[in-house]
Amino acid sequence: MLSQLELEDPKQSKVKLGTLMLGQKVKRQVVVVNRSALDLSFTLLLSTNTPVDLKDLTFSPAGQQNLKARGGCCTIEIQFSPRQHIPPFTAELQAEFAGLLHPLLTIEGCCQGVEVMLDQDHLAFGAVVQRCQARKKIVMMNTGDIGARFHWKTKHFPPELSISPATGYICPGMEVPFELTFAPVELSNDTKYENLACLVEGSSSPITLTVTGSCIVASTSKEVVNFVCPVRGSHTQSLPVVNPSNQCCSIRPVIEGQQWSGAPSMTLEPLQQKTYEITYRPLTMTTDRKKHLGSVFFSFPDGTGVLYSLQGTADPPKAADTIVCELPAKTQHTELLPVHNWLSKQQRFRVLIELLKPDATVSLKGLEYIDVPAQAKRDYRISVFMYKEGQYNTKVTFQNKVTGEYLFYLMTFKATSPGVLSTIELVTTVRRTVSATVAVENPLTTATCLITECKCTDISAPPQHIVPGQSKSTLSIEYQPLRAGESTARLTLSSNDLGFFHYDLLLRALPSPPEKTVHFNSSLGSSHSVLVRFINYSHFKTEYSCKIDCLDFIVDKSVAASPGFQTGSEASVEVCFEPHQLGEVRGQLSLSSGTGGEYIFPLHGVCLPPKAQGPFSIRAGRNITIPFKNVFLQTTAFSFQVDNPCFTVKVVDTILSKKTHNILVSFEMPAGGSLGPWFGKLTISSQRSEGHCKPCSWVYYLKGYSRD
């Protein structure tokens, strides 16, 4: 039901109160409606993202509200009457029902105002010699968002105090320094001037300042106490203090000089001697001609006093830290240096990064300036890149260009052997070339020569690569694998100037597709030989083993190939097709070597019926032999038939598989005295019973002639 509590006008879901000044007031009204079927009771709540005083931002009605079902409504009034500076805020008006919160609308607004303050509200001049004067500075800061005029009420100042400037204008975010002068005339142990007021336009109350000081006689001074330490260091000394009176007293030492500090008070028994510890903490360096001067004055109840003159020497700072960092060469590294601001106001430091021994192969980069808020710390990022192994000493200085003060770090970077810069993946099929490039940058002013090294024989790269000075160049490598599979290799570029560049190679060689099909054509009982040619890309003389998966093809067991070098060398092997049955025959020739890879040649043979041969001439009374080979895969019985009785054949029972038998054929002249010639036909047939698909016959024509 709570979700049906709505604004009558949805456009009022964001109420903008605008930007107000102090004393202004604004009101807004919205109407909420209960569109549910039941009566609804709820309480309004206000939630803000930033602290806002509920007296400045109010709403009504308060307490539990009851709305009738189906259209019950009420008017909510929002009032903004700020009494103080309020930055831009966003608030959400919510309705609470049964522990649930339902947002109704958001409220936006702000109040501009003047926020002016002093960096200190108490200024201690310490002890000042009679008829002399001392000057100190205070700073007015405007942290508000509008400017304002100011005016010190100098007519209420004592005659020994003055301030400059007395009037002026301060912009938002601006600082105005003031100089106060204390010139006492009357002797005094401890004088306090309270509620020194400065009126600021637009501010409800003035800024006040309290000043303390004392006026002493110069003749009370004792010997000078000297302090020495590095700037922002400290040096503590003990000063003897004697209570000359016969009564217990609690005295407040008056310290002049912002570089010195000590306990605000000390208690002495009658005639007791104690030591007072005073510490010198200089925030600025000194020179031999201008040292820090100060004093500490102890006044006693009997009117006597002791004045110590203080003199401080602040030497240049010591290193904030000495950092040793070890990292691989050619690896980008970021080092964080903490930069502390010792002042009560923001400082801007100019950064100077020095390589104590200049080396162009070392890159040290960082921002030129860094801003550090008052009494705070910020990390400065310095980016380091070293090309080669070695040790590099560095000094990083942060200097305030206005004051000349600085701090510095000593850093030692130890560059170890570089790791792998990147991984290059190369994928191709066997015996095909794929290339990749490697970019190398030379930061030197002169050209450098890189030596290339890769132990993988499938990778080709130029042995040397020249990179011009202060430029980037790319080196091209090629991958031509001879065997399928996955492997890794390391590519290394090196030079005396830039050290080593390591790259990992992820190599993947896909199986090569089969070569072009080799075709054969032969009749049964005959053979057809073809010279199969291939390219050997191995860089060495290589022997390939030869295998065929079909008995109808015959090849030598191995073939030698000359070294291929860059473009490869042509080699060949003879394959003989000797079919054992009619029809088409398919097979595969495999040439393989451990270094040269594998070649696959599809073989396609067509076996035709046997062709008739002859005529074979036989002189009467003689005989001839006709070679006949059993091309079948098993021992086979053949039948021999001659259609002319003048010719006779010596029959054999069987012929072993793949063996050749010489058939003896004889010729005798027939009676009758004919001169011839005489012709006949020898038919050799295989038998179906031998397991053949069908019988096959070979025909040999015979020619007989007389002895004459």
Side-chain angles (χ1 to χ4, degrees), residues 323-337 351-370 379-397 409 411-428 433-456 458-480 488-507:
I323 299 173
V324 178
C325 183
E326 185 174 298
L327 62 149
K330 296 184 179 65
T331 301
Q332 196 70 40
H333 174 73
T334 299
E335 187 74 19
L336 298 180
L337 299 180
V351 187
L352 177 62
I353 304 174
E354 302 173 89
L355 196 61
L356 300 185
K357 184 179 180 182
D359 192 326
T361 64
V362 179
S363 172
L364 302 171
K365 296 181 180 179
L367 296 176
E368 186 178 2
Y369 291 93
I370 180 173
D379 288 335
Y380 178 80
R381 294 177 177 270
I382 178 170
S383 179
V384 184
F385 187 88
M386 295 170 287
Y387 276 86
K388 59 181 181 179
E389 300 175 46
Q391 180 170 306
Y392 307 95
N393 299 318
T394 307
K395 181 180 181 182
V396 184
T397 304
Y409 285 87
M411 306 180 70
T412 298
F413 295 103
K414 296 180 179 179
T416 59
S417 178
V420 176
L421 299 181
S422 65
T423 298
I424 302 172
E425 185 175 4
L426 294 168
V427 181
T428 185
T433 301
V434 65
S435 61
T437 57
V438 175
V440 180
E441 184 173 3
N442 178 13
L444 305 175
T445 56
T446 58
T448 187
C449 179
L450 296 173
I451 305 300
T452 306
E453 180 185 0
C454 184
K455 295 182 179 180
C456 178
D458 293 339
I459 296 295
S460 298
Q464 294 182 346
H465 181 65
I466 304 296
V467 183
Q470 294 183 339
S471 65
K472 183 181 290 186
S473 178
T474 57
L475 170 71
S476 180
I477 62 173
E478 291 184 344
Y479 172 48
Q480 186 184 41
T488 59
R490 172 67 59 84
L491 172 66
T492 300
L493 310 179
S494 62
S495 76
N496 294 331
D497 298 325
L498 302 180
F500 293 89
F501 298 78
H502 298 302
Y503 302 90
D504 273 348
L505 304 180
L506 183 58
L507 309 175

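This chain uses plain numbering: 1 for the first residue, then up along the sequence.
Using cut-offs of 30° and 60° for the angle between ring planes, the F385 and Y387 rings count as perpendicular.
For F500, the CZ atom counts as loosely surrounded, since its 6.0 Å shell holds 12 or fewer non-hydrogen atoms of other residues, nucleotides or ligands. Open room surrounds CZ on R381; 12 or fewer heavy atoms of other groups in view lie less than 6.0 Å from it. Surrounding CG of D379 are more than 12 heavy atoms belonging to other residues, nucleotides or ligands, all under 6.0 Å away.
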From CA spacing to verdict: side-chain contact (heavy atoms from CB on, under 4.5 Å), L421, V438
CA-CA 10 Å; L421 299 181; V438 175; over 6 Å; no
Using the side-chain contact (heavy atoms from CB on, under 4.5 Å) rule, take Y392 and V384 through it: C-alpha gap first, then chi angles, then the decisive distance, then the call.
CA-CA 11 Å; Y392 307 95; V384 184; over 6 Å; no
Apply side-chain contact (heavy atoms from CB on, under 4.5 Å) to D359 and M386, showing your working.
CA-CA 10 Å; D359 192 326; M386 295 170 287; over 6 Å; no
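By the 4.5 Å heavy-atom criterion applied to side chains, E389 and P418 are counted as neighbours. Side-chain atoms of Q391 and T412, non-hydrogen and from C-beta on, do get closer than 4.5 Å to each other. A 4.5 Å side-chain heavy-atom check between L450 and Q464 finds every atom pair outside the cut-off. Under the 4.5 Å side-chain criterion, counting only non-hydrogen atoms from C-beta, L475 is in contact with P462. For the pair Y409/T394, no side-chain contact is recorded, criterion being any heavy-atom separation below 4.5 Å from C-beta on. Between V420 and R490, some side-chain heavy-atom pair lies under the 4.5 Å cut-off. For the pair V396 and V351, the minimum side-chain heavy-atom distance is below 4.5 Å.
To the nearest 0.5 Å, the span separating CD1 on I323 from CE on M411 amounts to 4.5 Å. Between the CG atom of L327 and the OG1 atom of T416 there is a distance of 6.5 Å, given to the nearest 0.5 Å. Rounding to the nearest 0.5 Å gives a distance of 10.0 Å between CG of D458 and OG1 of T433. From K414, atom NZ reaches atom CG of N393 across 9.5 Å, with rounding to the nearest 0.5 Å. Here the SG-OH distance, from C454 to Y479, works out to 11.0 Å after rounding to the nearest 0.5 Å. To the nearest 0.5 Å, atom CG of residue L507 and atom OG1 of residue T428 are 11.0 Å apart.
Of all the heavy atoms in K330 and L498, the pair that sits closest is NZ-O, 2.6 Å. Taking both residues in full, the closest heavy atoms of N442 and P468 are given as ND2-O, 3.2 Å, listed atom of the first, atom of the second, then distance. A pairwise comparison of heavy atoms in I424 and A436 identifies CG2-CB, 3.9 Å as the closest pair.
Looking only at atom types and distance, the side chain of D497 has no donor-acceptor partner in the side chain of S495 under 3.5 Å away. Judged purely by distance below 3.5 Å, without hydrogens or angles, the side chains of Q332 and S383 pair a donor atom with an acceptor atom.
Applying the side-chain contact (heavy atoms from CB on, under 4.5 Å) test between I477 and each of T452, T437, V434, L505 identifies L505 as the sole match.
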